[in-house]
Amino acid sequence: MYTAHPDRYAEMPYRRTGRSGLKLPALSLGLWHNFGPDRPVETQRAILRRAFDLGVTHFDLANNYGPPPGAAESALGEALKADFTAYRDELVISTKAGYLMWPGPYGEWGSRKYMLSSLDQSLSRMGLDYVDIFYSHRPDPETPLEETMGALHTAVQQGKALYVGVSNYSPEQTREAARILAELGTPLLIHQPRYSMLDRRPETSGLLDTLDELKVGSIAYSPLEQGLLTGRYLNGIPEDSRAASDSPFLNSDAVTEELVGKLRALDEIARSRGQTPAQLALAWVLRAGRVTSALVGASSPRQLEDSVAAIGNLDFGADELARIDKIVKG
């Protein structure tokens with residue numbers, strides 16, 4: 001029988017999400033990878049238990065996380081039943097709908113039929129009555145935004161979600177989504193963009209400025225850039241790495257000599273701060289408080305512990321930030 005650590009809230013900082021009453025841990029656990037039938041169940045449960053013991057109260061999923069699609073939600077459902085029944089009200093659990101989940105015309109994108117059917121399936125897999133945050137995972141170019149946002153509003157009205165968010169939306173789409181939701185009476189809580197030292201689009205596109213203006217929270221996914229910023233690629237491509245497998249999310253062609261040179265230079269900065277490369281990357285995303293939380297994955301409790309240790313130093317001097325910019329931007 002799992003009993004949570006009594007000091008689990010002692011170290012983790014919690015940040016208010018936009019103008020809402022909800023606070024998220026600076027680091028949240030994403031179940032995009034490492035949760036499914038291809039991983040030992042006990043390892044998955046150990047990661048979740050260690051996360052909660054370290055104050056990571058937010059578990060983030062989507063309907064299609066696996067493989068196969070739905071597997072991550074099913075894995076979390078088993079873990080919740082086994083270990084977290086007594087702690088449900090201390091957890092923030094989020095899921096999303098938008099990418100391909102089942103065959104046919106109703107199995108992806110942003111229609112009301114797909115969004116609400118997907119949420120019902122997600123709740124069933126996780127054994128939950130509600131999720132804390134339900135996201136539109138991507139904008140649908142053919143469905144009116146009013147319909148997709150209306151589905152999110154309905155999920156809240158039905159008591160199946162407490163808050164709603166969007167992911168992968170442009171600044172303009174985010175602004176319009178927030179307007180529609182405000183008129184319906186369900187505020188837009190949070191945006192989940194891809195953001196890292198190597199991917200500055202939330203800055204260059206004006207998304208972070210838009211979220212600041214709207215007082216909407218943000219949670220960054222891929223802050224370690226699919227493992228590139230973890231230190232694994234300082235000497236090229238390891239045989240057991242994601243890039244070596246030519247994953248659809250990271251292929252070997254991306255790991256150029258120029259990139260490896262940048263990673264080594266960033267490693268020097270990390271060492272000067274007493275951090276690992278991954279800790280530097282996470283601290284950079286969380287700097288100055290513009291990002292509410294950073295999503296990290298983990299294949300083991302030890303890897304998760306390394307990520308969480310980033311919270312020990314989230315401050316940067318102007319010279320450090322300038323050096324990082326010079327390295328990344330060339």
A.B. asks: Using the six-membered ring wherever Trp is involved, compare the ring planes of Trp102 and Tyr114 and label them parallel, tilted or perpendicular (cut-offs 30° and 60°).
C.D. replies: tilted

A.B. asks: Could you tell me whether the side chain of Arg16 and the main chain of Ser20 form a donor-acceptor pair under 3.5 Å?
C.D. replies: yes

A.B. asks: Is any side-chain N of the basic residue among Asp60 and Lys96 closer than 4.0 Å to the acidic one's carboxylate O?
C.D. replies: yes

A.B. asks: Can you confirm if the aromatic rings of Phe35 and Tyr65 lie within a centre distance of less than 6.0 Å?
C.D. replies: no

A.B. asks: Please report whether the ring centroid of Phe134 lies less than 6.0 Å from that of Tyr163.
C.D. replies: no

A.B. asks: Would the distance check show the side chain of Ser196 and the main-chain N or O of Leu224 forming a donor-acceptor pair, the cut-off being under 3.5 Å?
C.D. replies: no

A.B. asks: Give a yes or no on whether the backbone of Trp109 and the side-chain of Asp140 come within a donor-acceptor separation of less than 3.5 Å.
C.D. replies: no

A.B. asks: Give me the atom names and distance for the closest heavy-atom approach of Ala294 to Val285.
C.D. replies: CB-CG1, 4.2 Å

A.B. asks: Does the Gln44 side chain pair with the main chain of Gly36, one donor and one acceptor, at a distance under 3.5 Å?
C.D. replies: yes

A.B. asks: Do you know the tightest heavy-atom contact between Trp284 and Glu203?
C.D. replies: CH2-OE2, 3.4 Å

A.B. asks: Return yes if some donor-acceptor pair links the side-chain N/O of Ser167 with the main-chain N/O of Gln192 below 3.5 Å, else return no.
C.D. replies: yes

A.B. asks: Do the numbers put Lys23 on top of the ring of Tyr14, so that NZ or CZ is under 6.0 Å from the six-membered ring centre and no more than 45° off the axis?
C.D. replies: no

A.B. asks: Flag the pair Leu280 / Ile269 as yes when at least one side-chain heavy-atom distance between them is below 4.5 Å, and no otherwise.
C.D. replies: yes

A.B. asks: Are the side chain of Arg273 and the backbone N or O of Asp315 linked by a donor-acceptor pair below 3.5 Å?
C.D. replies: yes

A.B. asks: Given the rule that I, L, V, M, F, W and Y join up when any side-chain heavy atoms are under 4.5 Å apart, are Tyr9 and Tyr2 in one cluster?
C.D. replies: yes

A.B. asks: Looking at Glu73, is its backbone amide N or carbonyl O close enough to the side chain of Arg125 to form a donor-acceptor pair, meaning the two atoms are under 3.5 Å apart?
C.D. replies: no

A.B. asks: Using distance alone, with no hydrogens and no angle criterion, decide if Thr276 and Asp306 have a side-chain donor and acceptor under 3.5 Å apart.
C.D. replies: yes

A.B. asks: Is Asp209 paired with Arg290 through a side-chain N to carboxylate O contact shorter than 4.0 Å?
C.D. replies: yes

A.B. asks: Under a 3.5 Å cutoff, is there a donor and acceptor pairing between the side chains of Thr143 and Thr148?
C.D. replies: no

A.B. asks: Are Leu184 and Met115 in one and the same hydrophobic cluster, where Ile, Leu, Val, Met, Phe, Trp and Tyr link if side-chain heavy atoms are under 4.5 Å apart?
C.D. replies: yes

A.B. asks: If we ignore angles and hydrogens, is there a donor and acceptor under 3.5 Å between the side chains of Ser170 and Gln173?
C.D. replies: yes

A.B. asks: Hey, is the main chain of Tyr130 close enough, under 3.5 Å, to the side chain of Lys160 for a donor-acceptor pair?
C.D. replies: no

A.B. asks: Check the side chains of Ser299 and Asn34 for a donor-acceptor pair under 3.5 angstrom, ignoring hydrogens and angles.
C.D. replies: no

A.B. asks: Sequence neighbours left out, what pairs pass salt bridge (Lys or Arg N to Asp or Glu O under 4.0 Å) with at least one residue falling in residues 79-92?
C.D. replies: Arg8-Glu90, Arg45-Asp83, Arg49-Asp83, Arg88-Asp132

A.B. asks: Does Tyr169 have Arg138 sitting over its ring (NZ/CZ under 6.0 Å from centre, angle to axis within 45°)?
C.D. replies: no

A.B. asks: Is there a donor-acceptor contact under 3.5 Å from the side chain of Arg175 to the main chain of Thr210?
C.D. replies: no

A.B. asks: Output yes when Arg200 and Asp325 qualify as a salt bridge under the 4.0 Å nitrogen-oxygen rule, no when they do not.
C.D. replies: yes

A.B. asks: Judged by modelled atom types alone, do Glu268 and Ser272 share a side-chain donor-acceptor pair under 3.5 Å?
C.D. replies: no

A.B. asks: Check whether any side-chain N or O of Thr292 sits under 3.5 Å from a backbone N or O of Ser218 as a donor-acceptor pair, and report yes or no.
C.D. replies: yes

